[in-house]
Structures are given as C-alpha cells and as structure tokens.
*Asks:* 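Here's a structure for you.
First listed ligand is number 1; within each ligand, the first listed atom is number 1.
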Amino acid sequence: MESHQGYLWALIFNIFALLHLVRAQSTEGFISLDCGLPAKESPYTDQKTGLVFSSDAEFISSGQSGKVRKNYTGDYKPHNVLRYFPDGVRNCYDIRVKQGTNYLIRAEFVYGNYDGLNVMPRFYLYIGPNIFAVVGEYDRYPGEELIHMTKSNSLQICLVKNGATIPFISSLELRPLASDSYSTQSDSLKLISRGSMVDEGHTIRYPDDVYDRKWSYTDPDTRVQKLETTLTVNSSNPYKIPQPVIKLGFTFINESEPVRLLHFNEDFGDNYYFYLHFAEIKTLEASDTREFTIIWNANTPNPVYSPKMFHLETILINASTKQCYQGECELQLVRTPESTLPPLINAYEAFRAVVVAIKSIQTAYQLKVISWQGDPCVPQEFKWDYVDCSYTDKSTPPRIISLDLSKRGLKGSIAPALQNLTQLQKLDLSSNSLSGEVPEFLANMKSLSTINLSGNNLKGLIPQALLDKEKNGLTLNVQGNRKLCFTDKCKNKTTVIVIVSIAAGILVVAMILLYFAIKRKRMSKAINKSAILPKQRRFTHSEVEVMTYKFRKNIGEGGFGTVYHGFLTDMEQVAVKVLSQSSIQGYKQFKAEVELLLRVHHTNLISLVGYCDEDDHLALIYEYAANGDLKQYLSGESTSGSLNWASRLKIMTETAQGLEYLHIGSEPRMIHRDVKTTNILLDENFQAKLADFGLSRSFPNGVETHVSTNVAGTPGYLDPEYYRTNWLTEKSDVYSLGIVLLEIITNCPVIQQTREKPHIAEWVGLMLTKGDIASIMDPNLKGDYDSRSVWRAVELAMSCVNPSSAARPNMSQVISALKECIMYENSNKGGRSDLDSNSSPELSFTCAPEVTPDAR
Ligand SMILES: *[C@@H]1O[C@H](CO)[C@@H](O)[C@H](O)[C@H]1NC(C)=O
Ligand SMILES: *[C@@H]1O[C@H](CO)[C@@H](O)[C@H](O)[C@H]1NC(C)=O
Ligand SMILES: *[C@@H]1O[C@H](CO)[C@@H](O)[C@H](O)[C@H]1NC(C)=O
Ligand SMILES: *[C@@H]1O[C@H](CO)[C@@H](O)[C@H](O)[C@H]1NC(C)=O
Ligand SMILES: *[C@@H]1O[C@H](CO)[C@@H](O)[C@H](O)[C@H]1NC(C)=O
Ligand SMILES: *[C@@H]1O[C@H](CO)[C@@H](O)[C@H](O)[C@H]1NC(C)=O
C-alpha cells in the first residue's frame with residue numbers, strides 16, 4: 001500500500017513537472033526583471049503566474065536598490081524592491097532582444113514611499129530615442145506599456161530625469177508577440193487603456209494570456225451591463241484573447257443610447273489605434289439581431305457590424321485626432337434602427353502612436369552626424385546639434401522648435417516627415433542640394449514662422465498658400481533656387497537669373513579656392529605634429545564622450561585599454577577602446593593599430609570607424625560586434641546558448657580567412673600575434689570578426705621572418721617556438737588558431753593545472769592516445785556532429801600546434817581543411833545515429849569548468 005502511494009505521488013509529481021515544462025516552453029523570449037533585486041540573489045518563480053523573475057543587474061550598471069516601506073509590500077514580489085537612479089540625467093537599460101520582433105514592453109513603478117519622502121517622483125521613460133511616457137501620475141495602474149518593433153538586437157530603455165525627483169523602476173517585462181498581431185508598421189504603440197469585464201480587483205495575465213497582457217476591469221461608464229457565457233469562444237485569431245476575458249462582454253443598460261467607449265481631447269493630431277475584440281456570447285433567438293456601427297468621428301461612414309457567434313473577431317480602427325469634431329474625440333458603438341439588441345463589446349485596447357519624426361528625417365537624408373543619437377531634446381546637455389527645443393513647460397516633454405540643417409549636403413526632396421514636428425517654429429534648410437518642389441505642407445505647419453530654403457536646387461511654383469502666409473508674417477527665404485518661380489510668368493526671367501548665378505558661381509569657386517589655399521598653408525605647419533589619419537575619421541574627446549554617454553558601459557578589456565559601448569548614430573553602434581592615458585607603450589600600440597587597421601579591409605577583420613588623438617586622450621572606434629566574442633559562447637556566459645558544431649566550423653573558417661588575408665593578402669603582410677577566443681568577435685549574423693591588432697607586426701615585402709625584441713602574446717596561445725627563438729613567422733598565428741580549434745572542439749580551458757597535462761595541446765594529445773574522441777568533445781554539442789568532421793578538425797588542430805613551425809600547415813591549407821570539415825558535417829545531416837553509438841553523450845564528461853580564484 002505504502003509503496004503504491006509513493007508511486008502515485010511520484011506520478012503526480014511528474015505530471016506537475018511536465019506541466020511546468022510545457023508552461024516554461026511557451027515563455028520563450030520572455031524577459032522578466034525584478035528591478036533592484038541584488039545581483040547575487042537567484043531568480044525566483046512568481047507564485048501566481050509561474051513566471052521566473054531575475055535581477056536586472058546584468059542589464060544596467062547604474063542605480064541603487066531600494067525597498068518599499070513595510071506596510072506597502074504585497075504578495076507580488078517583483079514590486080517589493082526597486083532600482084532608483086540618484087546620479088546622472090539619463091540611465092538606460094540595454095537589453096538583448098531579437099531584431100525585427102514586435103515586443104510588448106511593460107515597465108511598472110510602485111513607489112511605496114521607499115525613500116521616506118512620500119512624494120511620487122516624476123520623470124520620463126524612453127525607448128531608444130523616443131519618449132513614450134511621463135511617469136508620475138497614476139490613479140490606478142502604476143505602469144506603462146508599449147508595443148515596439150525592435151530595429152536591432154539591442155534595446156535601450158531609459159529613465160530620464162525631469163527636475164529634481166529621482167527616477168526609479170520596479171519591474172521591467174518584455175514579451176515577444178506573434179508577428180501578425182498588432183502590426184504597427186513604423187510606429188510604436190503606447191497603451192492608453194485595456195478594457196474588459198473581468199471581476200473588479202482581479203487581473204488576468206499569464207498563463208491565461210499567452211502574451212501576458214494584463215486584463216482588468218475597465219468600464220467606460222457606470223451604466224454598463226455585464227454579459228457572460230460558460231461556453232467556449234473560438235479565439236483562434238492572432239490576438240489570442242484569453243478565454244476568461246472573451247467569455248465576458250458588456251453592453252448598455254439603456255438600450256437606446258450608444259455605447260460610448262472612449263472619450264478624450266485632441267492632442268497634437270496624434271494617431272490612435274483601437275483594437276476592438278468582439279464575439280457574440282449570447283445564444284440568439286431567431287428573431288434577434290445585434291447590429292451596430294463603430295464610429296470614431298461622425299463624418300466617417302463605417303459598415304454595419306455584427307459580432308460572430310462564439311467566435312472572436314478583432315477590428316482595428318486607425319484613428320487620427322485630426323478628424324475630431326472641435327477637438328472632442330469619441331469612439332462609439334451605435335445601434336442600427338433594425339437591431340433588436342444593443343451593441344456588445346468584449347474587450348478593447350486603445351493605443352497612441354509614438355511619433356518618430358526626427359528619425360525619419362534623419363533616415364531620409366541619411367545624416368550621419370555624431371551627436372544625432374538618443375532623444376533630440378533630452379537630456380539638455382546632450383541635446384542634438386542643429387535642433388532647438390522648448391523646455392519651458394516641465395509637465396510636457398520638450399518638443400523641437402527649431403531645426404537647422406543648413407550646409408549639411410542634403411539631397412533629394414524636402415522630407416515629408418518634417419510635418420510631424422508640429423511645434424517647429426524655425427526651419428533652415430539653406431545651402432544644400434535639395435531638389436524637387438517646395439511642398440504645400442509647409443504652409444499647414446501652424447507654428448512655423450521662419451523658413452530658409454535659400455541656396456538649393458528647388459524648382460517649380462511656390463505654393464500660393466505659402467505666399468499667402470508670407471503676407472501674414474511668415475519669413476520665407478527662397479533665394480538662390482534658379483528654377484523656382486513665384487508666378488506662372490517667371491519662365492521669361494530664367495536667362496537673367498542664370499547669368500547672375502553663373503557670375504555668383506564664379507565668385508564662389510574663387511572664394512573656395514582662396515579658402516583652401518590659405519587653409520593648406522596653415523595645415524602644412526601643423527601636419528607633422530600628429531595627424532596620422534585622414535581627418536574625417538578623427539573625433540574629439542568630447543565627441544567620444546557623447547558617443548559613449550560618458551563611458552557608461554564597459555564591454556571589455558582589450559590590449560592596452562578598456563572598451564566601451566557607444567553609438568555613432570541612432571542605428572550604428574560602435575565599440576570604443578580608450579587607451580590608458582600616458583602609457584608610452586600604449587601610444588605605440590595605438591599608432592600601430594590605427595595604421596594597420598587603416599590598411600586592412602576584410603569582412604572577417606574588425607574595421608576601424610575612427611579614432612581620437614587629442615592631447616592625452618587616445619581612443620579607437622571600431623565597428624560593433626553585437627554578439628560579443630567566441631569565448632562567451634563557449635563558456636556559456638552568453639544567454640543565447642551554445643553554438644552547434646557547424647557554426648563553430650564556420651566561425652573558425654572565417655577567422656582563418658581573416659588571418660590568411662593578413663598573411664598573404666594585405667600590403668604589407670602582417671602577423672596578428674594575439675589570436676585567441678576573446679579576440680574573435682561575432683556580429684549580429686554570427687560572422688567572425690578578428691579584433692585587437694595592438695600586437696600585430698607588419699613586414700616589408702619579401703622579408704619572411706623577423707627577430708622581435710620582446711615576445712608578446714597570451715599565455716597558452718603563444719607559439720613555443722617563437723617563445724624560444726624570438727623568430728616570428730605566420731606559423732605563430734597558425735599555432736594560436738590551432739589552440740582555438742582545440743577549444744571549440746573540447747570547450748576546455750587552455751591551461752588547467754588540475755589536469756594530467758595542464759596545456760590543452762598536450763592534454764588532447766594524451767587523450768587521443770587513449771583513442772576515444774567522444775571523451776574530449778564538448779558535452780554541450782550533445783553528440784550532434786559528424787564524427788568524420790570532428791576527426792578531421794582534431795587532426796588539423798594537432799598539426800597546427802605542432803611544436804615545429806615547419807610542420808604546421810599554412811593558413812590557406814588550414815582553410816581548405818576546415819572546408820573539408822564543413823563538407824563532412826553538411827553531407828551527413830540527419831543520418832548520424834550510428835556514428836557515436838558506442839559513447840552516449842551523457843557519459844562523455846570531459847573537463848571541469850574553469851575555477852575562478854575569486855569565487856570565495
Ligand atoms: C503606511 O504607513 C504610513 C505612515 O505610517 C501611512 O501614512 C500610510 O497610509 C500607510 N500605507 C498603507 C498602504 O497602509
Ligand atoms: C475556430 O475558427 C477557425 C477559423 O477562424 C477554424 O479554423 C477553427 O477550426 C475553429 N476552431 C474550433 C475549435 O471551432
Ligand atoms: C434611455 O435613453 C434615452 C435617450 O437618451 C432616454 O430618452 C430614456 O429616458 C433613457 N431610458 C432610461 C430608462 O434611462
Ligand atoms: C493609420 O493612418 C495613418 C494616417 O491616416 C497612416 O499614415 C497609417 O499608415 C495608418 N496605419 C495603419 C496601420 O493602417
Ligand atoms: C507622421 O507621424 C505619423 C504618426 O506616427 C505617421 O503615421 C506618419 O507616417 C508620419 N508622417 C511622415 C510623413 O513621416
Ligand atoms: C538663410 O540662409 C542663408 C544662407 O545660409 C543666410 O545667408 C540667410 O541669412 C538666411 N536667411 C534667414 C532669413 O535666416
């Protein structure tokens with residue numbers, strides 16, 4: 001009996017474990033951060049949702065932990081602690097996401113008088129460069145939600161100070177949405193309200209809602225009547241409204257009045273998106289009809305709608321407040337005269353589009369100006385060049401009031417996106433090469449009082465509306481546009497204008513020549529001081545500060561300096577290596593690296609974007625490798641899991657191709673000297689990019705080898721022959737690459753004192769004499785590889801690490817061998833079960849994880 005019971009419990013336990021597993025799978029891509037939870041505390045499961053929350057510490061380096069006051073704590077643990085930001089104006093989370101994914105992003109702010117001041121702070125919340133909320137005034141739900149399509153694989157969520165109060169955050173959640181739901185095109189959507197008839201005080205969310213939206217009771221009016229069904233509603237559309245929500249609906253008690261769903265006042269001609277979720281949940285009599293129209297503004301005729309029987313249907317209303325009657329906006333459901341039943345709605349969501357105008361302007365003109373990153377107006381000290389913002393009213397976010405893009409070399413027509421800068425007062429587009437006509441919309445921009453379009457190639461007739469506005473005080477400058485006409489008759493004047501402008505043109509050319517002549521004279525005096533690089537790639541120290549947000553995010557240590565993350569433009573991320581100041585050797589490495597990198601151009605070598613050489617400030621600006629380095633992937637530090645065998649081979653081949661280029665393709669030839677897993681970076685497509693050329697050596701043509709004065713490199717990867725003899729050849733890189741190859745095969749430390757043979761090459765050699773290849777393979781590969789491919793790779797690695805450089809293959813031979821490995825691996829997709837049958841992957845324990853000395 002007892003044992004039976006034990007068995008039963010085990011069974012029940014297993015079922016629960018299984019259920020848990022099923023649940024865990026569907027949370028793929030969920031990011032649930034309990035902000036302020038100390039980094040050392042392990043993740044925990046929230047009882048109600050089963051979601052696992054973890055500390056936010058790995059996504060942000062600033063801020064401090066705070067605890068809400070005892071009498072405010074509840075049983076929702078993520079809200080009991082928070083992170084607050086006493087320092088800096090703008091503090092950002094940097095979260096790794098999937099590019100091109102629509103995410104629901106939810107930030108919650110439960111103040112709980114954590115600081116004893118009993119004042120709810122006010123501040124701004126940003127997604128990348130776009131403001132999306134003013135935090136601080138909540139009646140009910142203390143949070144903000146946004147639906148946002150990720151443009152890259154990192155997402156910045158920033159808290160920005162507004163005045164003296166200290167920004168804080170309690171929890172931050174990201175949920176990927178199905179690509180066919182909430183299609184937002186270019187906009188991001190800010191949640192205004194999400195209404196349903198769920199019991200008051202209750203919230204429906206995950207696991208009922210697979211997207212973890214929060215549904216609670218929000219009635220538009222007190223005179224609503226609740227409908228309810230016990231039958232299942234077919235909710236198989238992309239919006240996946242949970243059953244407990246869709247089974248409820250509401251209608252009005254007074255059946256002859258329209259259902260007034262939402263009501264608000266106009267706000268800058270914003271766009272709203274209403275997702276209305278309908279299902280008929282009453283079993284209708286034959287004589288019953290339920291028909292109504294959905295009306296946003298009284299002037300737009302809409303078709304008559306009838307909810308489907310027990311079947312969810314979602315209707316999107318794309319509404320602009322421009323259409324509102326006298327600034328009053330209303331969404332109504334109006335019963336048709338024929339309908340026997342009043343309108344019914346089950347749930348609705350209202351979003352406001354977050355305007356991203358300045359970004360489209362930037363994209364339209366492909367502006368690459370260093371300080372065009374983050375928000376154009378906030379924080380004030382990082383305000384973009386070329387814009388002016390209004391900061392007068394602290395309660396509303398600053399808006400751009402002036403845009404100066406004079407002399408920026410702009411081409412193409414005048415960007416329509418300018419319309420969206422609704423508060424713009426001054427627009428200067430003078431002295432560019434803009435073509436096309438002067439657009440009519442400029443006349444419709446209410447605040448605009450000064451327009452300077454002089455010195456472009458605009459043509460055609462100036463819109464009459466704009467000329468009319470000029471009479472009413474608008475300052476309009478359109479001089480120097482030869483083909484521009486004020487009236488239909490202007491064509492006759494063309495010749496005169498042309499002659500004048502040719503004369504003017506000659507003058508301009510003469511002046512430009514004079515300018516350069518003077519400038520060159522001055523330059524030639526200064527040139528031998530430094531100026532090792534073409535000027536356009538040179539940045540000032542303050543530009544580097546802006547780029548890196550004052551060196552906020554350290555992403556690693558490279559040879560002779562610390563590497564920071566930065567933004568060159570909104571889109572273009574960079575890695576900025578700042579050299580330790582006043583290190584003479586550092587300066588030499590710096591110059592060497594700059595000079596080499598300027599010469600080399602290869603897809604598998606990290607490229608140099610620019611540099612800074614201003615007094616003591618030395619920095620190198622590289623392209624950014626979004627996926628970190630190979631070491632992180634092998635050590636499991638990376639959250640995106642480990643690499644499979646085919647990917648590892650691909651990365652090795654690409655690395656070898658980069659090295660081959662250095663060895664035989666570049667002019668002069670070069671030796672990298674510091675090939676190792678931390679120097680093999682991976683971009684967003686997992687393409688290998690070899691980095692850190694600080695130790696590289698170049699050789700004049702024809703000279704094959706070189707006696708170097710000081711041996712340099714990384715222990716473990718260092719060619720023993722070079723170490724002994726000081727003779728440096730390309731084969732030293734081959735040796736180091738062989739070590740990397742052994743690492744991707746075994747995933748073992750290069751040097752581990754506790755093993756029979758501390759050095760990886762000797763250890764693998766020893767293990768191979770025992771004949772069992774499976775026992776050295778990285779267990780993370782789970783036996784999923786073609787054994788011929790692996791054997792070939794091991795053989796290649798061992799020949800690369802041959803103590804005698806003469807016996808090692810050259811880099812081209814390494815590449816062909818790696819391609820052979822790839823060929824074996826590809827040729828045997830699927831049918832490999834018999835190959836490693838004598839060694840189960842679970843048993844192939846290889847090496848202990850690396851022991852970090854500071855663990856205690
Ligand atoms: C917590 O205590 C403070 C002061 O004792 C009081 O003002 C506040 O209302 C309490 N809050 C709650 C939620 O009980
Ligand atoms: C739900 O509706 C879809 C079509 O919209 C249909 O394909 C599916 O079979 C329905 N499911 C059930 C359980 O009726
Ligand atoms: C229902 O609304 C109509 C129109 O507003 C009104 O005339 C009528 O008195 C209302 N009936 C009830 C029962 O409130
Ligand atoms: C919504 O309407 C605006 C203006 O009418 C338009 O620009 C936008 O593309 C529309 N969006 C969708 C998703 O239809
Ligand atoms: C202006 O903003 C609206 C709302 O975000 C957007 O739909 C529209 O495409 C923008 N217009 C232009 C010309 O970029
Ligand atoms: C317009 O731009 C031109 C060229 O930059 C400048 O000379 C002129 O003063 C500007 N005019 C106004 C009204 O700002």
*Asks:* With the threshold set at 4.0 Å, does a side-chain nitrogen-carboxylate oxygen contact exist between Lys407 and Asp428?
*Replies:* no
*Asks:* For atom 9 (O) of ligand 2, is the nearest protein heavy atom closer than 4.0 Å?
*Replies:* no
*Asks:* Quick one: which ligand 6 atoms are inside 4.0 Å of a heavy atom on Ser431?
*Replies:* 4 (C), 5 (O)
*Asks:* Please work out whether the ring planes of Phe292 and Phe278 are parallel, tilted or perpendicular, with thresholds of 30° and 60°.
*Replies:* tilted
*Asks:* Between ligand 6 and Thr475, is the shortest N or O to N or O distance under 3.5 Å?
*Replies:* no
*Asks:* Ignoring angles and geometry beyond distance, decide whether Asp428 reaches within less than 3.5 Å of ligand 6 through its nitrogen or oxygen atoms.
*Replies:* no
*Asks:* In the protein, what heavy atom is nearest to atom 4 (C) of ligand 2, and what distance, to one decimal place, separates them?
*Replies:* His311 NE2, 3.8 Å
*Asks:* Considering the heavy atoms of Ser454, write down every atom of ligand 6 situated less than 4.0 Å from one of them.
*Replies:* 1 (C), 2 (O), 3 (C), 4 (C)
*Asks:* At the 4.0 Å heavy-atom cut-off, does Gly455 count as touching ligand 6?
*Replies:* no
*Asks:* Among all protein heavy atoms, pick out the one at the shortest distance from atom 1 (C) of ligand 6; state its residue, atom name and that distance to 0.1 Å.
*Replies:* Asn452 ND2, 1.4 Å
*Asks:* Pick out which of Leu341, Thr251, Leu344 makes a side chain to side chain contact (heavy atoms under 4.5 Å, CB included) with Lys282.
*Replies:* Leu341
*Asks:* Salt bridge or not for Glu145 and Arg194, using N-O below 4.0 Å?
*Replies:* yes
*Asks:* Write out the residue and atom name of the closest protein heavy atom to atom 11 (N) of ligand 2, then the distance separating them to 0.1 Å.
*Replies:* Asn234 ND2, 2.8 Å
*Asks:* If you count the atoms of ligand 2 from 1 in the order shown, which ones are under 4.0 Å from a heavy atom of Ser236?
*Replies:* 1 (C), 2 (O), 3 (C)
*Asks:* Looking only at distance, does Asn477 have an N or O less than 3.5 Å from an N or O of ligand 6?
*Replies:* yes
*Asks:* Any chance the rings of Tyr182 and Tyr211 have centres within less than 6.0 Å?
*Replies:* no
*Asks:* Fit a plane to each ring of His277 and Tyr239, take the angle between them on a 0 to 90° scale, and name the class: parallel (under 30°), tilted (30 to 60°) or perpendicular (over 60°).
*Replies:* tilted
*Asks:* Can you tell which of Leu453, Asn457, Leu458 makes a side chain to side chain contact (heavy atoms under 4.5 Å, CB included) with Leu484?
*Replies:* Leu458
*Asks:* Test your reading of the model: is there a side-chain donor-acceptor pair from Glu291 to the backbone of Thr336, 3.5 Å cut-off?
*Replies:* no
*Asks:* Among all protein heavy atoms in this structure, tell me which lies nearest to atom 5 (O) of ligand 6, with the distance rounded to 0.1 Å.
*Replies:* Ser430 OG, 3.1 Å
